[in-house]
Amino acid sequence: MSQIPVAKPVLDEHEVEAVRRVILSGWVTQGPEVAAFEEEFADFVGARHACAVSNCTTALHLALKAVGVDAGDEVITVSHTFIATANAIRYCGAVPVFVDIEKDGYNIDPDLIEAAITPRTKAIVCVHQLGMPCDLHRIVAIAARHSIPVIEDAACATGSEILWKGRWEKIGKPHGDIACFSFHPRKVVTTGDGGMLTTANPEYDRKFRLWRQHGMSVTDAVRHGSKQVIFESYPELGYNYRMTDMQAAVGREQLKRLPAIIARRREIASHYTEKLSSAADVELPNEPTWARSNWQSFCLKLASYLDQRDVMQELLDRGVSTRRGIMNIHLEGAYSEPGSHRVVTSLQQSVAAQQHSIILPLFAQMEGSDVTCVVEAVQASVSPHLAIERVG
Ligand SMILES: *Cc1c(COP(=O)(O)O)cnc(C)c1O
């Protein structure tokens, strides 16, 4: 029996042809394809500026630098996220301050933010976990009251939407100050690796462009196009966070596919929701009325009497691959040293989510029969009858 994977990127001859075109053009990094990808991405999410970088981790690093996060500062975020969210904060010499997630979801609990704010708080990094928009209305309002910038970790949220002043808008407009996206193959569209920063602030965008290219005063495009000799200078410390033109060309093809990919993902998610809503032993993901997920992942929370590893093994035996839900950063070795982070409140919901949640297969190429197979395998694997047997 062939195994149903958790995820699968949508790539074919279109992407191959795009890369071929770039290679034969002779301009292979941060050139015309990157510029076009930035423009098309900005257009798609409705942003004034979009700046492509090497991945979402480097995007987060530059976003934090742009809002002025420095050594000794604090940045409020969640522990219940991919480790890169907090690592980027530490790259700035700052301290991640972890607050818990909501009881009925996997995003930051806005009720807990205010208590975590101190005079050293320089930013809030909210994560649209698994593609589900976090409660930006409340987060942005709290941040505004305290004049703290909001950086959205939108790594998983390309194409997700939020109802904003009566209109559906894409995540990344951005509704905070800066949004950071990932194009890793585990996300809904991919460039192999890749990232994007969006903002309405032209000064932030200027900084991103400077820092991603070693802090170099003139871009290659300007120097290449100039009729006069130009000597570049390096007025401040920069990085090599460039995206290549091969990646950007793939990204442009992926953007064309994105509406169809998301439509299909939403179809599969609503099928899961419909078929699994009667299962008493699992809690389904909650999509608030003001949010439309891109369903980067479909995460179930198992009843506490079910063992996560046993259920996952049972599903694997039935041909269905799963992953456990999101991890908690504060439990990882890289965060065991005192001073590496600060915890304000109990992280009870975060810990429970890691222990009890599993991610089901969801990718655009799934056939109806795959979806049925997953549903039936879940129904069989989470039945209380089995749980009792296991206990006994
Ligand atoms: C994937 C992911 C990242 C890191 O993205 P890369 O492009 O791999 O650097 C950061 N934050 C979250 C929430 C992610 O899921």
Side-chain angles (χ1 to χ4, degrees), residues 6-7 9 34 37 41 50-65 75-92 96 98-99 101-102 105-108 123-134 136 139 150-160 171-172 174 176 178-198 208 212 239-244 247-248 250-251 254 265 285 293-299 323-330 332 334-335 341 350 353-354 357 359 362-363:
V6 167
V34 167
F37 183 37
F41 192 87
C51 178
V53 287
S54 47
N55 56 65
C56 185
T57 310
T58 55
L60 287 164
H61 184 198
L62 296 189
L64 290 158
K65 267 181 72 78
V75 177
I76 295 171
T77 190
V78 284
S79 173
H80 191 69
T81 178
F82 184 59
I83 198 158
T85 310
N87 283 354
I89 295 168
R90 288 178 67 190
Y91 297 163
C92 299
F98 296 133
V99 300
I101 55 169
E102 300 162 296
Y106 304 99
N107 285 332
I108 192 166
I124 297 168
V125 177
C126 60
V127 184
H128 303 297
Q129 199 54 262
L130 309 165
M132 187 66 74
C134 56
L136 281 171
I139 295 164
V150 173
I151 296 167
E152 298 172 52
D153 181 341
C156 301
T158 304
S160 297
I171 292 298
I178 301 168
C180 303
F181 292 89
S182 172
F183 307 122
H184 180 270
R186 182 62 185 83
K187 321 299 183 186
V188 291
V189 283
T190 186
T191 58
D193 261 309
M196 191 74 80
L197 289 137
T198 61
F208 302 152
R212 73 172 169 179
Y239 306 86
N240 178 358
Y241 286 174
R242 282 185 299 250
M243 176 182 275
T244 70
Q247 291 169 306
V250 170
Q254 293 276 287
R265 299 185 79 94
S293 183
N294 64 1
W295 298 106
Q296 183 266 342
S297 291
F298 192 95
C299 193
R323 297 285 178 271
R324 67 176 182 165
I326 303 299
M327 53 165 307
N328 286 299
I329 297 174
H330 74 285
E332 292 301 313
Y335 284 74
H341 69 280
S350 302
Q354 175 172 347
S357 60
I359 290 172
L362 205 170
F363 47 95

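Numbers for residues simply follow the sequence, beginning at 1. Note that these values count all heavy atoms, side chains included, but never hydrogens, waters or copies made by symmetry. Just so you know, ligand 1 is whichever comes first in the structure, and atom 1 is the first atom listed for that ligand.
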- Task: Please assess Arg186 against Ser297 for the test side-chain hydrogen bond (donor to acceptor under 3.5 Å, both in side chains), listing each intermediate value before the final yes or no.
- Result: CA-CA 9 Å; Arg186 182 62 185 83; Ser297 291; 2.9 Å; yes
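Between Gly195 and ligand 1 there is no heavy-atom distance shorter than 4.0 Å.
For Gln254 (side chain) and Thr190 (main-chain N/O), a donor-acceptor pair under 3.5 Å exists by modelled atom type. A donor-acceptor contact shorter than 3.5 Å links the side chain of Ser79 to the backbone of Ile329. Between the Gln296 side chain and the Cys156 main chain, no donor and acceptor come within less than 3.5 Å of each other. The main-chain N or O of Asn294 is found under 3.5 Å from a side-chain atom of Ser160 such that the two form a donor-acceptor pair.
Of all protein heavy atoms, the one lying nearest to atom 9 (O) of ligand 1 is Thr57 OG1, 2.5 Å. Looking only at heavy atoms of the protein, atom 14 (C) of ligand 1 is closest to Lys187 NZ, 3.1 Å. Cys56 CB, 3.3 Å is the protein heavy atom nearest to atom 5 (O) of ligand 1. For atom 7 (O) of ligand 1, the closest heavy atom belonging to the protein is Ser182 OG, 2.7 Å.
Those atoms of ligand 1 that come under 4.0 Å of a heavy atom in Cys156, given as number and element, are 15 (O). Residue-ligand proximity, Thr85 to ligand 1, at heavy-atom distances under 4.0 Å covers atoms 11 (N). Counting the atoms of ligand 1 from 1 in the order shown, those under 4.0 Å from a heavy atom of Ala155 are 2 (C), 3 (C), 10 (C), 11 (N), 12 (C), 14 (C), 15 (O). Below 4.0 Å from some heavy atom of Val127 lie the following atoms of ligand 1, by number and element: 13 (C). Per-residue contacts place Asn55 under 4.0 angstrom from the following atoms of ligand 1 (heavy atoms of the residue considered): 7 (O), 9 (O).
Contact annotation: the side chain of Cys126 approaches that of Val150 to within less than 4.5 Å [non-hydrogen atoms, C-beta and beyond].
By the 30° and 60° cut-offs, the orientation of the rings of Tyr241 relative to Tyr239 is parallel. Note on ring orientation: taking the six-membered ring where Trp is involved, the planes of His341 and Phe98 are tilted (angle from 30° to 60°).
When only interatomic distances are considered, the shortest N/O to N/O separation between Asp193 and ligand 1 does not fall below 3.5 Å. Geometrically, ligand 1 and Thr81 share no nitrogen or oxygen pair separated by less than 3.5 Å. The shortest N or O to N or O distance between Asp153 and ligand 1 is below 3.5 Å.
When each of Ile76, Leu64, Ile151 is tested with Ile89 by the rule side chain to side chain contact (heavy atoms under 4.5 Å, CB included), just one qualifies, namely Leu64.
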